[in-house]
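Only heavy atoms go into these numbers, but all of them, side chains included; no hydrogens, no water, no symmetry mates. All values derive from a computational prediction rather than experimental measurement.
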Amino acid sequence: MTEQTIPALFEGVERSATSSPPEFTGTPAAVWATRWRRYPDLPALLLGLVLAVGVCWPLAGGGRVYLLDWVIGPHASVLPQSFFGLNGGLTAGTPFAVAMGIASHLLGSAATWLPIAAFFPIATTAMSRLVGGSPWARLGAGMLYAVNPFVFQRLFVGHIALLLGYALLPLVVRSMVHAIDARGPARLTPVLWMALLTGMSPHFAWICAVVLVAVVLCHRRRLAGLAWAAVVGLCFVASLAYVFLPPTGTSLPVTVGSRSLAAYQTSGDPHLGLFGNVAGLYGFWRLGPGPVLPKNLVSGWFFFLGAILVVVVVGAVSTLRSKRTELEADSGSCHQEISPSSRVDRRAVTKVVIASAVFGFFLALGSQGPTGPLFRWAFDHVPFFDIMREPEKFSMLLALGYATCFGLGVERLIAASSGRRRLLARIGAAALAVGLPLAYTPTIFDGLDGQIAPSHLPASWDRTQAVTMHRSGALLFLPWHEYLSFPFTGDRVIANPAPSAFTGEVISGTNVQLEGLPSDSTSPSSAYIERVLAEHGAAGPMGSLMAPLGVQYIALAKTVDWQSYLWLSAQPTLRLIFDSPSLELWQNLAYSGIGHRGSAAVARLSPVAYRIPPGAPGRVTVAIPYQQGWSLNGAPARPTSEGVLSVWAGSAGGVLRFEPWRLVVVGDVISLALLGGLAISLVVSGSGAWRRRPDDLETQGPR
């Protein structure tokens with residue numbers, strides 16, 4: 001089978017494992033050279049494992065790794081609210097969230113650092129598969145792809161799902177380059193890759209779309225390529241039914257507009273400006289607090305960038321001028337066997353990654369630069385494009401182009417040497433392939449130079465969980481911030497960990513508190529809580545005001561501005577359960593349940609269904625944060641002044657249901673059926689080809 005039929009990260013290793021073992025003879029160097037030719041991705045895989053150990057060894061010593069947007073507490077739910085469409089129908093990224101929920105329950109705290117460690121061998125091996133050729137090309141490309149400022153910054157802020165998709169992106173490019181000239185179901189192989197990456201992070205819908213456009217533009221028959229891309233695009237959009245359908249029946253939980261675009265815009269460098277910063281793979285919008293960037297510690301970092309770009313230009317120019325398209329296993333010898341699994345059209349790949357890099361550079365500028373008006377127009381008018389409110393994510397396409405051409409440049413430089421200079425050339429190649437990326441981003445090791453580390457929740461949090469684990473109501477967690485720092489994280493700012501640190505429903509801050517964007521939440525219950533808290537107890541008894549929201553307990557972590565909540569101790573409807581150096585826990589004496597109808601209580605049947613008991617006709621209030629889509633016997637619910645549900649109920653009662661859940665199910669079925677059918681057809685067609693033409697599969701070259 002080829003990659004055109006079943007995408008496999010270690011295809012060369014798997015195929016070799018099924019064949020008879022070779023006989024190794026000669027010197028040890030010859031033996032290892034033979035082994036590496038048979039397993040061409042092995043050097044890159046070993047490099048990735050070394051990088052994983054070097055970066056992540058401080059994270060594996062116990063505790064959980066909490067980063068800005070990477071917070072998986074000890075009680076993370078296996079099925080997040082997005083699985084049911086309860087966060088405004090935003091189901092994008094749900095497959096990865098479910099996978100991490102399962103991993104957390106199976107692996108415990110290891111689930112918070114193993115995905116980080118897995119990134120490095122996946123990235124280096126995937127890039128090795130794309131570049132092919134000699135070990136020097138593979139190592140150079142893999143090294144720069146896995147070690148660069150883009151990766152550094154995304155690691156610090158915990159965009160792990162995005163990084164794992166980025167690690168697999170070279171395989172998407174390889175798949176597209178092959179598929180455009182393939183026949184049968186193999187032409188649709190990129191749909192599976194695109195769906196996989198989008199399941200990790202929805203931003204890959206547009207990033208993969210850019211690559212798709214680049215493949216068409218670089219193909220010799222653009223009209224036929226355009227037809228192929230249209231079919232791939234339509235199938236891919238259909239595979240996202242689980243993303244598109246649920247929001248049609250409810251209201252989005254956040255607003256995305258011009259303020260969001262301004263808040264998340266790409267940043268410039270004080271000396272090199274916006275263009276230089278993006279060219280250097282910097283530009284992440286968040287400037288602090290933390291991290292200390294490599295360029296802040298490496299004086300003259302732009303000289304290292306310049307050296308990298310020189311090698312990149314050498315690789316790009318030499319490859320595009322070459323008449324050979326097939327990658328050799330080692331450019332130093334023209335007699336070495338080329339593994340069929342390592343063959344790829346080098347010039348086609350180079351053209352595609354260069355075009356993608358150019359597009360990625362200008363898209364990463366966002367609403368700034370010469371293409372800014374076009375980006376803003378797309379942001380305002382193109383459906384689903386507003387998920388790219390942080391445009392610097394497009395920089396990964398620039399990193400992809402750099403890494404590919406860098407590996408080709410290293411190979412070209414060593415190939416230019418001959419005779420006695422061969423050994424020196426190999427030493428120089430190793431210095432280029434490994435040394436330059438390390439010199440450019442030297443602080444990526446040792447947990448980003450000690451800037452990230454595992455953390456342990458205080459004992460008071462465990463005590464809170466023990467007290468509240470059997471509650472029927474919600475736990476309100478204060479201070480009211482979506483992002484805040486804690487002593488147990490070394491005062492690093494992270495997303496509020498309370499929702500996954502405690503079981504049951506947890507109500508916590510939804511205010512991003514960015515300059516010009518204090519909050520983008522559309523939740524009426526969150527707005528109500530903010531109004532109450534702003535009164536500092538003057539609005540009335542806190543317990544009574546929170547009872548309609550179903551708040552049974554209030555926890556106050558002693559961090560950031562917690563002293564502004566000292567007025568809680570004067571509330572007559574709150575009873576202090578315990579007061580520790582890190583957290584206070586209060587019981588709401590006014591809590592009476594999530595809803596009543598006379599003396600009968602509303603019963604929770606599932607996250608998307610609540611039973612309303614019989615009683616006198618009238619409106620019934622249920623302590624569920626309001627969002628469009630809840631209804632009882634066809635009567636839609638409406639929000640109360642506190643931001644919870646109120647619905648008209650007849651004498652017989654009934655079941656209050658979240659109707660968009662049906663759209664979630666329909667979307668899941670459509671997506672799984674399409675992707676499953678495509679995968680089966682690829683396996684069947686690939687198995688048939690293997691049985692019919694085993695010799696052809698061992699000798700065929702690129703189209």
Backbone N or O of Ser109 within a donor-acceptor pair of the Thr112 side chain at under 3.5 Å?
yes

Any ion pair linking Asp69 and Arg286 (charged N to carboxylate O, less than 4.0 Å)?
no

Which heavy atom of Gly629 sits nearest a heavy atom of Pro660, and at what distance?
O-CD, 3.5 Å

Check whether any side-chain heavy atom of Ile160 lies under 4.5 Å from a side-chain heavy atom of Leu155, and answer yes or no.
yes

Please confirm whether the backbone N or O of Arg492 pairs with a side-chain atom of Thr489, one donor and one acceptor, at under 3.5 Å?
yes

With a 4.5 Å limit on heavy-atom distance, are the side chains of Leu363 and Phe375 in contact?
yes

Are Ile72 and Met100 close enough, and set up right, to give a side-chain contact (heavy atoms from CB on, under 4.5 Å), and what steps lead you there?
CA-CA 8 Å; Ile72 305 176; Met100 289 311 307; 3.8 Å; yes

Give every donor-acceptor pair under 3.5 Å between a side-chain atom in residues 442-452 and any protein atom, sequence neighbours left out.
| from | atom 1 | to | atom 2 | distance (Å) |
| --- | --- | --- | --- | --- |
| Gln451 | OE1 | Val292 | N | 2.6 |
| Gln451 | NE2 | Val292 | O | 3.1 |
| Gln451 | NE2 | Leu448 | O | 3.2 |

Evaluate side-chain hydrogen bond (donor to acceptor under 3.5 Å, both in side chains) for Ser460 paired with Ser582, printing each intermediate quantity in order.
CA-CA 7 Å; Ser460 59; Ser582 58; 2.5 Å; yes

Is the backbone N or O of Met542 less than 3.5 Å from a side-chain atom of Gln571, with the two atoms forming a donor-acceptor pair by type?
yes

Between the side chain of Tyr145 and the main-chain N/O of Tyr166, is any donor-acceptor distance below 3.5 Å?
yes

Does any non-hydrogen side-chain atom of Val608 lie less than 4.5 Å from one of Leu86?
yes

Would you find a donor on one side and an acceptor on the other, under 3.5 Å apart, between the side chain of Thr559 and the backbone of Ser485?
yes

Suppose we screen for side-chain hydrogen bond (donor to acceptor under 3.5 Å, both in side chains). Which residues come up paired with Ser525, at least two apart in sequence or across chains?
Ser523

In Å, rounded to the nearest 0.5 Å, how long is the span from NE2 of His536 to CH2 of Trp567?
8.0 Å

Of all heavy-atom pairs between Leu457 and Ala501, which one has the smallest distance, and what is that distance?
CD1-CB, 4.0 Å

Counting only heavy atoms not in Tyr528, do more than 12 sit closer than 6.0 Å to its OH atom?
yes

For residues 471-481, tabulate all N or O donor-acceptor pairs below 3.5 Å that involve a side-chain atom, not counting sequence neighbours.
| from | atom 1 | to | atom 2 | distance (Å) |
| --- | --- | --- | --- | --- |
| Arg471 | NE | Gly473 | O | 3.1 |
| Arg471 | NH1 | Thr468 | O | 3.0 |
| Arg471 | NH1 | Thr468 | OG1 | 3.3 |
| Arg471 | NH1 | Thr503 | O | 3.0 |
| Arg471 | NH2 | Thr503 | O | 2.7 |
| Arg471 | NH2 | Glu505 | O | 2.7 |
| Ser472 | OG | Tyr591 | OH | 2.8 |
| Trp480 | NE1 | Glu530 | OE2 | 3.3 |
| His481 | ND1 | Gln513 | OE1 | 2.7 |
| His481 | ND1 | Gln513 | NE2 | 3.2 |
| His481 | NE2 | Asp561 | OD1 | 2.9 |
| His481 | NE2 | Asp561 | OD2 | 3.2 |

Salt bridge (Lys or Arg N to Asp or Glu O under 4.0 Å) contacts touching residues 289-299 (sequence neighbours left out):
Asp269-Lys295

side-chain hydrogen bond (donor to acceptor under 3.5 Å, both in side chains), that's the test. Do Thr250 and Gln627 meet it? Break it down for me.
CA-CA 7 Å; Thr250 184; Gln627 61 178 302; 3.2 Å; yes

Should Phe284 and Phe152 count as side-chain neighbours, where that means a heavy-atom distance under 4.5 Å?
no

Phe385 and Trp206: ring pair (Phe, Tyr, Trp, His ring centres under 6.0 Å), yes or no, with the steps?
CA-CA 8 Å; Phe385 191 75; Trp206 290 107; 5.1 Å; yes

From CG (Leu168) to CE (Met127), nearest 0.5 Å:
11.5 Å

Do Leu533 and Tyr565 have side chains that get closer than 4.5 Å, going by heavy atoms?
yes

Given 3.5 Å as the limit, does a donor-acceptor pair link the side chain of Asn588 with the main chain of Val551, or not?
yes

Which value, rounded to the nearest 0.5 Å, describes the distance between Gln587 atom CD and Leu576 atom CG?
11.0 Å

Would you find a donor on one side and an acceptor on the other, under 3.5 Å apart, between the side chain of His105 and the backbone of Ala76?
yes

Please determine if Glu390 and Arg154 form a salt bridge, counting it only when a charged side-chain N lies under 4.0 Å from a carboxylate O.
yes

Does Ile207 reach the side chain of Phe394, with side-chain heavy atoms less than 4.5 Å apart?
yes

Does Arg463 make a cation-pi contact with Phe578, if we ask for NZ or CZ under 6.0 Å from the ring centre and within 45° of the axis?
yes

Check the pair Glu642, Thr640 against side-chain hydrogen bond (donor to acceptor under 3.5 Å, both in side chains), reporting the backbone distance first and the verdict last.
CA-CA 5 Å; Glu642 296 86 5; Thr640 67; 3.0 Å; yes

Less than 3.5 Å apart, which donor and acceptor atoms pair up between the side chains of residues 47-61 and the rest of the protein, not counting sequence neighbours?
none

Sorted by chain and residue number, the ring-ring contact (aromatic ring centres under 6.0 Å, His included) partners of Tyr264 (sequence neighbours excluded) come out as Trp285

Nearest heavy-atom approach of Ala637 to Leu645 is CB-CD2, 3.9 Å

Would you call Gln628 and Trp630 a side-chain contact if the rule is heavy atoms closer than 4.5 Å?
no

May I have the step-by-step check of side-chain contact (heavy atoms from CB on, under 4.5 Å) for Leu67 and Val71, ending in yes or no?
CA-CA 6 Å; Leu67 306 174; Val71 175; over 6 Å; no

Between Asn511 and Ser521, is a side-chain contact (heavy atoms from CB on, under 4.5 Å) present by the stated rule, with each step listed?
CA-CA 7 Å; Asn511 47 343; Ser521 174; over 6 Å; no

For the pair Thr125 (side chain) and Pro121 (backbone), establish whether a donor and an acceptor sit closer than 3.5 Å, ignoring hydrogens and angles.
yes

Measuring from Thr441:OG1 to Phe150:CZ, what's the distance to the nearest 0.5 Å?
12.5 Å

Between Tyr282 and Glu392, is the side-chain contact (heavy atoms from CB on, under 4.5 Å) condition met? List the steps.
CA-CA 8 Å; Tyr282 287 100; Glu392 198 261 341; over 6 Å; no

Decide yes or no on ring pair (Phe, Tyr, Trp, His ring centres under 6.0 Å) for Trp461 and Phe502, but give the supporting numbers first.
CA-CA 8 Å; Trp461 290 53; Phe502 309 108; 5.5 Å; yes

Which is it for Ser82 and Thr94 under the side-chain hydrogen bond (donor to acceptor under 3.5 Å, both in side chains) test, yes or no, and what are the steps along the way?
CA-CA 6 Å; Ser82 62; Thr94 298; 3.1 Å; yes

Give, for atom CD1 of Ile624 and atom CG of Leu549, the distance between the pair rounded to the nearest 0.5 Å.
12.0 Å

Using only atom types and a distance under 3.5 Å, with no angle test, would you say the side chain of Thr573 pairs donor to acceptor with the backbone of Ala590?
no

Are any side-chain N or O atoms of Asn148 and backbone N or O atoms of Pro437, one a donor and one an acceptor, separated by less than 3.5 Å?
no

Do the side chains of Leu272 and Trp301 get nearer than 4.5 Å, heavy atoms only?
yes

